[in-house]
Structure formats: structure tokens, C-alpha cells
Number of protein chains: 2
Amino acid sequence: MPRPRIFDEDRVLQDVMKAFWRKGYLATSAEDLVKASGLGRSSLYNTFSSKAALFERSLDCYLTCTRQVAKTLSDTEASPEAAIREVFISALEPEVPERLGCLVTNTAIELAGQNERIAKMLQRHFDLLRQAFTEAIKRGQRNGEFNAELDPTGSAELLLTLLQGIRVQSKSATDSLILERTIDQALRLLH
Amino acid sequence: MPRPRIFDEDRVLQDVMKAFWRKGYLATSAEDLVKASGLGRSSLYNTFSSKAALFERSLDCYLTCTRQVAKTLSDTEASPEAAIREVFISALEPEVPERLGCLVTNTAIELAGQNERIAKMLQRHFDLLRQAFTEAIKRGQRNGEFNAELDPTGSAELLLTLLQGIRVQSKSATDSLILERTIDQALRLLH
DNA sequence: CCTGTTTTGTAACGATCATTACATTAAGGA
DNA sequence: TCCTTAATGTAATGATCGTTACAAAACAGG
């Protein structure tokens, strides 16, 4: 019998997530969130309690979304090398004019050091990504694309770390040429 | 004939830099800066104009300081491998309980995307670091420590990117075991 | 010992921060 | 249609933001 909501919670989380993604947690004001979501202040606070809680749910949204993308690494159809390259190329985000980077990387730097809950979320995410890389590498070794001598887990961690490093450098890079060559180097490591 | 200052400008910059390092630019308030520097508000603003200008000078301070440390990479006395390992190990900062990370990495994520001046400063810094790595690798190749087949510049960029990635992950890492193994992997790449 | 100049301390500025109080609106169940 | 209940819109909350105005203080040159 209550008055029904006129907005979709997931749609709001998506929009709010993009706002946090663009400017970071601190630099995004409640006013920004109101504008990004299209809701009134009351509705936002009624459904999400606080800016901090809203951010956590946005981050969670981003994490699951990113994991979906990382599923291509475990996809048994595609070539592991192509899948890995795809993940790295998307980090350069050549289509986006603003340098958004990655919400995971951004959050690790901005909040993980001081917020244990956030740190835990990110750590779990890194674990999952590392696992996905590991599987892709093992698959590549089985079908002969990659060097069978390599330690899959160690190489996966190397890729994961390189990915984060690319995310950092792409924030200040004017051209992505050097980073593209880094991706080539990283993939050559696996052969 | 004017009243002389009772503080040392460089000492203040060092203290202020640490404050920015610990909490980031936005999260550090003018009040924090006053407390960190020990000066009065007036003196701070009189000598450094604004929080933004103060940050730029602090960052500059950090950059030149870091470059001094990176000089070990060009040191012809020490072993290139040992020097490189030293740089990476220090990134894990096992002595510091709080996860400070690296002011360069933190700033790249927090500000470089929106502040072109800052982005330029960081880019120049990355260029210098890459150059230092390149020299160390070349030297290692000459004395037989490293694989002579490697492309020095590309490998240097790989190291630089890995370093940034380690800085990101160390923010959320509970133990540094995985990252230590990554360092081993990175150095094995050079052989 | 003045005088001039700059630093220093205090207090306040307007703006914006995240959050909330409250009245209004709207819809389902009776 | 009326009543209940929750969503909504508006306005304001105290706190804190970065910055500044101003008077008092302190030193160097005369």
C-alpha cells in the first residue's frame, strides 16, 4: 500500500558509480550524487543511508561488473593471449577522452589505506583477477601458446601488477604509445 | 630591517609533504597543514600563497628527493641488480606500519587526471626514472648480470610499470608475501 | 629610541560539506 | 473515497572547508 518508487535502484547505482569513478570519493559531493542520480536528496539518503554506504554499493557494483568482463579470461573458446591482450588494451581506454582510469585502482589509492572494509573488498577482487589470469595462462600453456616452463600463479601476479601500473601511468600520460609497447612486452613474457 | 622568519622553509616543506603523503591532497585540510608545519595560518599563507601552491612545492620536494634515491641505479659502484631490488623492496616499506604508498603514485591517481600541471610534473618524473632503470639494465648487460638480448628501454618501462602496480596493491595488501615474489619474478625477467 | 617593514596570532569570512526535519505528494488496501 | 504508509521536494542544520582582514609583535636601520 505504500507509494511505489519511480526509479530503478540498479540504474541509480550505475550512474552514481560513474560519478565516483570520474572524480573519486572525496571530490564527489552529495550535490554531485543528486545530479548524477536524478533523485532528490531525500530519496538518495532514504534508500542508501549515507555517502559512504552509497560508495560501497557503487564499488561493489563496479567489482561484479569488472568480474563479468574478466570472465573472457576463463572463456574456453577464445585464445588466452587475445583475451589477456583485450583486458590490457581496455585499460588504455582510447575511446574515453577523460582519463578515468580504473575505479579499483583509484579506490585502492584513495581509501584502502585508511578503510579496512574497502581494503578487504579490493583484496578479494585482486585475488579473483589473479585467479582468472592464472587460468588463462594455464590454458595457454596447454594449447601451446605460452611457455610451459612458466609459473602460472607468479606470471598471473606479474600481469595483475602490470595492469595496475598501467592504470597509474595512464593518468598522466599524454600519449599511450609507451604503454602499448609495455603491453607487447608483457605478452612476450608469456612465450 | 624587516622582522626575520623563525622557521626554515625547507623543513616546513618536508613536514607538509609528509602530511599530504599520508592523507592525500583533498583529505589534508588547511588545519592539518598548520598543525603539521607548526606555523600559524598567516605565516603559511604568507609564504606559500595557497594550499594548491603548497602542494606543488611539496610534490616537487618529494620528486627531487626520490630522484636522489634513484641515483643508486646510476651508481657505477653497486651491482645493478642489487640497486634495482633495493628500489623495489623499499616500495614495500616494511618499516612503516601505515600504508603510505608513494606520493607520486597517489598523486597520479588523485590529481593528474584533472590537473595538467601536475600531470606534466609526474610525466617528467616517470621519464627520469625510466631512464635510470634503462642505464642500470644496460650496465647489467655489460657486466653479464642481465640477458644481453633484452631491449633496455622496454624492460625499464616494464620495471617502472611494475613498481607503480606494486604501490597500488600494497595499499590494500595485508601481507607483502605475494608482492615480494613479484619482485623476484621481475628480476628474473632480466636474466 | 624611534621608524619602517614584515611576520605572527586571532578572529572571522563566505562557501560548501554531509546530513536531516518536516511538510507534501501519491498510491494501494479497505 | 478515505486512510495508511512510504517516497518525495524544500529548506535548513551545524560543521568544516580554504582563505583573508586586521591588529599586535618583533626585529633592522636610522
Side-chain angles (χ1 to χ4, degrees), chain A residues 1-61 103 106-107 110-111 114-115 117-118, chain B residues 1-61 103 106-107 110-111 114-115 117-118:
Chain A
M1 57 245 235
R3 176 175 171 184
R5 283 190 180 149
I6 62 170
F7 62 88
D8 176 45
E9 202 161 306
D10 287 333
R11 196 269 308 160
V12 168
L13 277 177
Q14 284 281 340
D15 290 342
V16 160
M17 183 260 278
K18 282 175 198 159
F20 280 130
W21 191 358
R22 189 173 314 120
K23 309 217 294 176
Y25 175 72
L26 279 172
T28 304
S29 68
E31 185 63 31
D32 290 333
L33 297 173
V34 165
K35 272 188 267 187
S37 64
L39 304 182
R41 242 166 290 267
S42 305
S43 303
L44 256 190
Y45 275 88
N46 236 7
T47 41
F48 300 104
S49 302
S50 71
K51 180 183 170 184
L54 189 47
F55 179 81
E56 263 195 41
R57 294 210 40 192
S58 297
L59 178 59
D60 206 58
C61 181
L103 184 60
N106 301 354
T107 304
E110 191 185 5
L111 302 175
Q114 310 208 320
N115 184 326
R117 284 176 57 85
I118 299 279
Chain B
M1 57 245 236
R3 177 175 172 184
R5 284 188 181 152
I6 62 171
F7 63 88
D8 176 41
E9 201 159 309
D10 286 334
R11 196 268 308 159
V12 168
L13 277 177
Q14 285 281 339
D15 290 342
V16 160
M17 182 260 279
K18 280 174 200 159
F20 280 130
W21 190 358
R22 190 173 314 120
K23 307 217 296 177
Y25 175 72
L26 279 172
T28 304
S29 68
E31 185 64 30
D32 291 332
L33 297 173
V34 165
K35 272 189 269 187
S37 65
L39 303 182
R41 244 166 288 270
S42 305
S43 304
L44 257 190
Y45 275 88
N46 236 8
T47 41
F48 301 103
S49 303
S50 70
K51 179 183 169 184
L54 188 47
F55 179 81
E56 263 194 42
R57 294 208 43 190
S58 297
L59 178 59
D60 206 58
C61 181
L103 184 59
N106 301 355
T107 304
E110 191 185 4
L111 300 175
Q114 310 208 319
N115 184 326
R117 284 177 58 86
I118 299 280

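Computed from a prediction, not measured in an experiment: that's the story for all the values here. Residue numbering restarts at 1 for every chain, and letters A, B, ... go by the order of the sequence lines.
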For B:L103 and B:T107 the tightest heavy-atom approach is O-OG1, 2.6 Å
Where is the tightest heavy-atom contact between A:L26 and A:K51, given as atom of each residue plus distance? O-NZ, 3.6 Å
How long is the straight-line distance from OG1 of A:T28 back to CZ of A:F55, given to the nearest 0.5 Å? 8.5 Å
Scan nucleotides 23-25 of chain C against the protein and return all N/O pairs shorter than 3.5 Å with their distances rounded to 0.1 Å.
residue: C:dT25; atom: O2; partner: A:R3; partner atom: NH1; Å: 2.4

Using a 3.5 Å cut-off and no angle test, enumerate the donor-acceptor pairs between side-chain atoms of residues 30-41 of chain A and protein atoms at least two apart in sequence or in another chain.
residue: A:E31; atom: OE1; partner: A:R41; partner atom: NH1; Å: 2.7
residue: A:E31; atom: OE1; partner: A:R41; partner atom: NH2; Å: 3.2
residue: A:D32; atom: OD2; partner: A:K23; partner atom: NZ; Å: 3.2
residue: A:D32; atom: OD2; partner: A:S29; partner atom: N; Å: 3.0
residue: A:D32; atom: OD2; partner: A:S29; partner atom: OG; Å: 3.2
residue: A:S37; atom: OG; partner: A:L33; partner atom: O; Å: 2.8
residue: A:S37; atom: OG; partner: A:V34; partner atom: O; Å: 3.1
residue: A:S37; atom: OG; partner: A:L39; partner atom: N; Å: 3.2

Salt bridge (Lys or Arg N to Asp or Glu O under 4.0 Å) with A:E56: which residues, sequence neighbours excluded?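 Salt bridge (Lys or Arg N to Asp or Glu O under 4.0 Å) list for A:E56, sorted by chain: A:R117.
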Near DNA chain C, under 4.0 Å by heavy atom, which residues of residues 15-23 of chain B?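 Nothing qualifies; none.
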Selection: residues 26-51 of chain B, any non-hydrogen atom under 4.0 Å of DNA chain C: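 Nucleic-acid contacts, sorted: B:G40, B:R41, B:S42, B:S43, B:N46.
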Side chain to side chain donor-acceptor pair (under 3.5 Å) involving B:N115 - partner list, sequence neighbours excluded: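 Residues passing side chain to side chain donor-acceptor pair (under 3.5 Å) with B:N115: none at all.
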Output all residues satisfying side chain to side chain donor-acceptor pair (under 3.5 Å) with A:Q14, sequence neighbours left out; order by chain, then residue number. none
Please enumerate all residues that pass side chain to side chain contact (heavy atoms under 4.5 Å, CB included) together with A:S50, with sequence neighbours excluded.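 Applying side chain to side chain contact (heavy atoms under 4.5 Å, CB included) to A:S50 gives A:A52, A:A53.
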For B:Y25, is there any backbone N or O sitting under 3.5 Å from a side-chain donor or acceptor partner on B:E110?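 Looks like yes, one N/O pair under 3.5 Å.
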Extract all donor-acceptor atom pairs below 3.5 Å that involve side chains of residues 15-22 of chain A and protein atoms in other chains or at least two apart in sequence.
residue: A:D15; atom: OD2; partner: A:R11; partner atom: NH1; Å: 2.7
residue: A:W21; atom: NE1; partner: A:G101; partner atom: O; Å: 3.2

